[in-house]
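Within every chain, numbering begins at 1; the chains are lettered A, B, ... in the order of the sequence lines, protein sequences first and strands thereafter.
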Amino acid sequence: MGMEGIGARVARKEDKRFITGSGRYTDDMVVPGMKHAVFVRSPHAHADIKKIDVKAAQAMPGVVAVLTGKELKADGIGNLICGWMIHSKDGTPMKMGAWSPLAVDRVRYVGDAVVIVIADTKGQARDAAEAVNVTYKERKAVTTAVDALKAGAPQLHPEADNNLIYDWEIGDAAATDAALKKAAHITKMHIVNNRLVPNAMEPRAALAQYDKAEDHFTCWTTSQNPHVARLVMSAFYNVAPENKLRVIAPDVGGGFGSKIFIYPEEVVCCWASKKAGVPVKWVADRTESFLTDAHGRDHVTEVQMAFDKDNHVIGLKVDTIANFGAYMSLFSSSVPTYLYATLLSGQYNFPAIHANVRAVYTNTSPVDAYRGAGRPEATYVLERTMETAARELGVSPAELRRKNFITQFPHQTPVIMNYDAGNYAASLDAALEAINYKGFEKRKAESAKRGKLRGIGMSNYIEACGIAPSAAVGSLGAGVGLWESAEVRVNAVGTIEVLTGSHSHGQGHETTFAQLVSERFGVPLDSVSIVHGDTDKVQMGMGTYGSRSGAVGMSAIVKALDKVEAKAKKIAAHLLEADESDIVVENGALKVAGTDKNVPWFQMALAAYTAHNLPGGMEPGLKETAFYDPTNFTFPAGCYICEVEVDPDTGKTDILAFVAADDFGNIINPMIVEGQVHGGIAQGVGQALLEGANYDPSSGQLLTASYMDYCMPRADDLPSFEVSHQNTPCPGNPLGIKGCGEAGAIGSTPAVINAITDAIGTNNLEMPATPQRVWRALQAKN
Amino acid sequence: MSEISMTVNGRKVQGTVEDRTLLVHFLRENLGLTGTHVGCDTSQCGACLVHVDGKAMKSCTLLAVQVSGSEIMTIEGLANGADLHPVQAAFREHHGLQCGFCTPGMIMSAIDMINRHPEGLDEATVRAELEGNICRCTGYHNIVKAVLAASKEMAKSTKGKGRAKAA
Ligand code: FES
Ligand code: FES
């Protein structure tokens, strides 16, 4: 490892602009003649649109245009789609209802976009939006998936009878039922995974500019995957052909999944910029973000975990109902199926698993991937149940897990996944040691003396990252391949640009990707620049989500670097009159191994571009492109332990200690990896203790639509975290990376709830475990 | 419409604004100082935090006309050329930022906090004092570390040569 190479805790290159206020986010962009858009949104959860009267609004000061869904449809703009086909167990395809970017005759959730108003200033657009008169006829609404499945429930889409999108299964039902039948013990639980709002701190935004002369659109938007945005807007929404649409995702202020999807607003802004003949900027305000960003989680699950008389797991049966909201968001269908049920084996050696999943429409915001996407829900089901089983069986939760760990690799689970490498006991041991598990009883007694209830809980998660082998996801219904691309451009003076299809919105790619290059060629970090987020600059890319940028994005860079190195060596060998196989790249020079003959890196680059003296037949220049398609998922895993103290008088929970022991495979920059874990844990703790999106069941209004009502984790809600790594390199990619972006959010939630239920001595507790809920659980028990 | 004038980052500025114009919009739209961000509508996230006459305030909750005549310091005014303010440097050194969106507000808040606690800070105080700033990326762990480190650093340099810039 060099000072700036792989494994070094290098301070981030991108920080310079962020700490000086020079970041460039979408809302910071200004183009000449730019106007401001405000959307008129449905105040009702479910209603027919009877009439839209825009006259008064059009006459308001500063108003440029007031446009409706009818006009949008007339111009041929398509409906929004879900890009992952799931078939129900009876073989029928999922039932996708129509989602017009601007509602035409019916609205299905509070916040559904109906009209766009464009004016000189945002204030004027807001005023004019108030003057748009939409006449609605209200319908009955339904907000929970369980209610939406009941006979007589309000129906959302004619395509989906009984609001059922699909009824899907995985695993072996007969084998699982047989296991349940012969079990010595079965732990049964009813588990609710609360609905969350991702809440990236930068609200979503779009700025669209139409160039009439070129018939060309440019759209700056808050996206985790600008190429996918362009592809989808072009191929499915009819905004413009790909060569006439440039999508730029500049600095993006966090995503956590919510900025993967293509929303109505960017589509409408693009269309409106042409229709109205002005560049159009829209920036969500926070309440708008709460209403319209895709939400996460919202599962209700019945689970049965079966053990034999030696406490070995012999079967797992899971029945889940997933709330999809009012429309199917871009990747919604994959979340409770292939990103959830395929992880239900966890770290354990289950011989049989069966899971059934029903996806359901309700009159709520669309639900899609949120940090972890399906894997937190799977981990929560498994780890809550495993902890409960240990309590019921009267054995140590740590030892019950250890007894059932998978220890041989590769390991084929009953639910598709083939785990390639891991050492689950190593993480468990590290976490037990870090929290001083042995000393817990003593600490508990000490708390008791002060009248406090102390509890400890753990969670052993596994996730599938490095998303994903294209052929595999294609066979499972994905509409796209999930490879990644990279281009490495060595300039004539030896500086290097890496163009990547990964997108950084906090992950630090500009640093870690540069470290990779620096390590490889021994050039200083400052001479390497990472270019991303612009479809005009970067050839193609699938973007950043599913902890894929290291395992997939960097692997593509490695492939391109291989090609660059091969050509550079040829040039150097020619210049040094040596054999190509004797050339090594070291400390910024190409050397003949074992001699002091060398060409500095920049001289080799210059030679590539002057082309005065290249090997016969070689093309000038030094620039290579590579596409990398992974051969398997990667499987990060780890053990999280949380220790809490509950005040029985108030129900308030304090987290006293939180330890994370992760196996992420090889690591490029430990400082950045630790930061990812910290942030993920905070979100997982947020779900456990504070956060929950609540709808009023009768009106369908989102009751938690601002920071006054939706409790975000603040600094004093959290402790400092103790993070360690027990890495087994991933055999599936050239760098041995597994990925670290989601682990914190996946592993932490069950650890917290296991700790609280341990402290209060009752399992009857839903998330978020607010002081009131904890207090009530205690009262109900006593 | 109202005429306003104020000093922003040491520079005198003037403007004509609608009475309803918020300070944050005046800074971002009229002055092009886009380092100050808007993250919420309810005065809770702190992404918009600036210093008004030396005190931390949320610029989304002040009308521009209200602060006419005041001295405003924003994130853009902190560094002295290439010389970072110790709090800026500490955020980078300790990885106190990821997406960077909350960062300007966090840094302005931290400076104010450090100034108000010349006796020094501890972790619990920093966490409590950060109540008005939300970060979704970092879990606060490294922000807390950065603030504590900067507070130590600034105490040193005040003792040394009184450098701590009254930002
Ligand atoms: S924008 Fe000012 S507190 Fe959120
Ligand atoms: S660094 Fe992203 S919100 Fe704080």
Checklist line | Part of B:Val126 within contact of chain A (heavy atom distance under 4.5 Å) | finding: neither
Next item on the list: Return the orientation label for the A:Phe721 and B:His141 ring planes: parallel under 30°, perpendicular over 60°, tilted otherwise.
Entry: parallel
Check: About how many Å separate CG of B:Leu97 and CZ of A:Phe18, when rounded to the nearest 0.5 Å?
Finding: 7.5 Å
Next item on the list: Give the member of B:Gly39, B:Ala124, B:Gly35 that has the highest number of heavy-atom pairs under 4.5 Å with chain A.
Entry: B:Gly39
Check: Is it the case that B:Glu123 and A:Ser720 place a side-chain donor and acceptor less than 3.5 Å from each other?
Finding: yes
Check: Is the number of heavy atoms from other residues, nucleotides or ligands within 6.0 Å of CG (A:Asp526) greater than 12?
Finding: no
Next item on the list: Heavy-atom distances under 4.5 Å only: say whether A:Tyr25 touches chain B with side chain, backbone, both or neither.
Entry: side chain
Margin query: So which atom in B:Leu130 and which in A:Ala715 form the shortest heavy-atom distance, rounded to 0.1 Å?
Written below: CB-CB, 3.9 Å
Item checked: A:Ile19 backbone acceptor or donor facing B:Gln88 side chain under 3.5 Å -> yes
Next item on the list: Pick one of side chain, backbone, both or neither for B:Thr138, based on which atoms fall under 4.5 Å of a heavy atom in chain A.
Entry: backbone
Check: For B:Glu131, does the CD atom sit with more than 12 other heavy atoms under 6.0 Å from it, leaving out its own atoms?
Finding: no
Margin query: Shorter than 4.5 Å, heavy atoms on both sides: which option in A:Asp127, A:Thr121, A:Val283 has the most such pairs with chain B?
Written below: A:Asp127
Next item on the list: Working to the nearest 0.5 Å, report the span between NZ of B:Lys145 and NE2 of A:His678.
Entry: 6.5 Å
Next item on the list: Under 4.5 Å, counting heavy-atom pairs only, tell me which of A:Ala682, A:Ala11, A:Gly680 racks up the most with chain B.
Entry: A:Ala11
Next item on the list: Check whether any side-chain N or O of A:Arg286 sits under 3.5 Å from a backbone N or O of B:Asp41 as a donor-acceptor pair, and report yes or no.
Entry: no
Margin query: Could you report the tightest heavy-atom contact between A:Arg714 and B:Gln44, atom names first, then the distance?
Written below: NH2-CG, 4.0 Å
Next item on the list: Tell me, out of A:Asp27, A:Ile681, A:Asp717, who's got the most heavy-atom pairs with chain B below 4.5 Å.
Entry: A:Asp27
Check: Hey, is CD on B:Gln14 packed in by over 12 heavy atoms from elsewhere, all under 6.0 Å?
Finding: no
Checklist line | Interchain contact, A:Ser22 with chain B, by part (heavy-atom threshold 4.5 Å) | finding: neither
Checklist line | A:Leu718 backbone acceptor or donor facing B:Tyr140 side chain under 3.5 Å | finding: no
Next item on the list: Measure distances from A:Met671 to the heavy atoms of chain B and classify the residue's part below 4.5 Å as side chain, backbone, both or neither.
Entry: both
Check: Which region of B:Ile107, side chain (C-beta onward) or backbone (N, CA, C, O), has a non-hydrogen atom less than 4.5 Å from a non-hydrogen atom of chain A, or is it both or neither?
Finding: side chain
Notebook entry, point to check: Which value, rounded to the nearest 0.5 Å, describes the distance between B:Ile75 atom CD1 and A:Thr20 atom OG1?
Noted result: 7.5 Å
Notebook entry, point to check: In Å, rounded to the nearest 0.5 Å, how long is the span from SG of B:Cys137 to CD of A:Glu202?
Noted result: 10.5 Å
Checklist line | Contacts of residues 502-511 of chain A with chain B (heavy atom under 4.5 Å) | finding: A:His505, A:Gly506
Check: Which atom names give the shortest non-hydrogen contact between B:Phe101 and A:Pro203, and what distance separates them?
Finding: CZ-CD, 4.1 Å
Item checked: Main-chain N/O of A:Arg12 paired with B:Arg92 side-chain donor or acceptor, under 3.5 Å -> yes
Note to self: Tell me which of these, B:Thr36, B:Leu33, B:Thr42, has more heavy-atom pairs under 4.5 Å with chain A than the rest.
What the structure shows: B:Thr42
Item checked: More than 12 heavy atoms from other groups under 6.0 Å of NZ on A:Lys16 -> no
Next item on the list: Could you tell me whether a side-chain N or O of B:Arg136 sits under 3.5 Å from a main-chain N or O of A:Phe256, the two making a donor and an acceptor?
Entry: no
Note to self: Whether B:Arg28 and A:Asp28 form a salt bridge (side-chain N of Lys/Arg under 4.0 Å from carboxylate O of Asp/Glu) is what I want to check.
What the structure shows: yes
Check: Looking only at heavy atoms, what is the nearest atom pair of B:Cys99 and A:Gly254, with distance?
Finding: CB-N, 3.3 Å
Checklist line | Under 3.5 Å donor-acceptor, B:Gln98 side chain and A:Gly675 backbone | finding: yes
Notebook entry, point to check: Are side-chain heavy atoms of A:Asp15 and B:Phe91 found at a separation under 4.5 Å?
Noted result: no
Checklist line | Distance (rounded to the nearest 0.5 Å) between B:Cys40 SG and A:Met201 CE | finding: 7.0 Å
Next item on the list: Against chain B, label A:Gln676 side chain, backbone, both or neither, depending on which of its atoms sit under 4.5 Å from a heavy atom there.
Entry: both
Next item on the list: Could you pull out the closest heavy-atom pair between A:Pro713 and B:Ile134, with the gap in Å?
Entry: O-CG2, 4.5 Å
Notebook entry, point to check: Is the number of heavy atoms from other residues, nucleotides or ligands under 6.0 Å of B:Arg20 CZ greater than 12?
Noted result: yes
